[in-house]
Amino acid sequence: MAETIFADDFAFLARHTADSQTAKLTIPSPSMVHYRGGQAAVDRSVYPDLEEFWADLSAAYADQVRRIAELGCTYLQLDDTSLAYLNDPASAR
């Protein structure tokens, strides 16, 4: 991946954060990649072996977390918004 997720947003926030404050960045958690679609959301023509999908996803997140840290981010939250679906009867499977 050539770009760092939310790099411009974090740079803006960091420029406008006082020295006594910590700029925080929140990114979607890896579970959001497949939560709603499950295994059907993973294209089997691209990933016939789901282990390769998970390996690539893990590597992509590790790379992004490293890049975000290089921007100076010391407070990163992985936001698992899929948990909100547990309270929605319409999303029950």
Side-chain angles (χ1 to χ4, degrees):
M1 179 175 279
E3 296 183 26
T4 304
I5 190 169
F6 304 126
D8 293 339
D9 302 296
F10 180 77
F12 175 85
L13 179 63
R15 282 193 310 273
H16 293 87
T17 302
D19 290 339
S20 62
Q21 299 172 322
T22 301
K24 174 185 174 183
L25 181 63
T26 302
I27 64 173
S29 70
S31 62
M32 293 307 300
V33 172
H34 70 90
Y35 179 78
R36 295 289 289 170
Q39 291 184 358
V42 179
D43 187 338
R44 291 297 186 140
S45 69
V46 177
Y47 288 105
D49 179 0
L50 281 178
E51 291 302 316
E52 290 180 37
F53 167 78
W54 292 116
D56 284 354
L57 181 63
S58 298
Y61 265 84
D63 182 54
Q64 286 298 309
V65 169
R66 179 188 54 76
R67 288 172 180 245
I68 290 166
E70 288 172 355
L71 295 174
C73 182
T74 59
Y75 189 173
L76 176 65
Q77 176 179 320
L78 300 180
D79 199 6
D80 192 349
T81 59
S82 65
L83 295 175
Y85 291 114
L86 297 175
N87 295 317
D88 182 4
S91 71
R93 301 189 244 185

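Every value quoted in this text rests on a predicted model; they were computed, and no experiment measured them.
Taking hydrophobic clusters as Ile, Leu, Val, Met, Phe, Trp and Tyr residues chained together by side-chain heavy-atom distances below 4.5 Å, Leu25 does not share a cluster with Tyr75. One hydrophobic cluster, built from ILVMFWY side chains closer than 4.5 Å, cannot hold both Phe12 and Phe6; they sit in different ones. Each of Ile5 and Leu13 belongs to its own hydrophobic cluster when Ile, Leu, Val, Met, Phe, Trp and Tyr are linked at side-chain heavy-atom distances under 4.5 angstrom.
Using a 3.5 Å distance cut-off with no hydrogens or angles, the side chains of Asp80 and Ser31 do pair a donor with an acceptor.
Between the side chain of Gln64 and the main chain of Glu3, a donor-acceptor pair closer than 3.5 Å is present. Tyr47 places no side-chain N or O within 3.5 Å of a backbone atom of Trp54 that could act as its donor or acceptor partner. Distance alone, capped at 3.5 Å, is enough to place a donor-acceptor pair between the Gln21 side chain and the Ala18 backbone.
Here Leu76 contributes atom CG and Thr26 contributes atom OG1; the two are 7.5 Å apart, rounded to the nearest 0.5 Å. One finds the CZ atom of Arg66 at 10.5 Å from the CG atom of Leu71 (value rounded to the nearest 0.5 Å). Annotation: the span from Ile68 atom CD1 to Asp63 atom CG amounts to 9.5 Å, rounded to 0.5 Å. The line from CD of Glu52 to CG of Leu57 is 13.5 Å long, rounded to the nearest 0.5 Å.
For the ring-ring contact (aromatic ring centres under 6.0 Å, His included) test, no residue two or more places apart in sequence or in another chain qualifies with Phe10. Checked against side chain to side chain donor-acceptor pair (under 3.5 Å), Asp8 has no partners two or more places apart in sequence or in another chain.
Side-chain contact between Asp79 and Ile27 is absent, with no heavy-atom pair separated by less than 4.5 Å.
Between Ala14 and Ala23, the closest heavy-atom pair is CA-CB, 4.3 Å.
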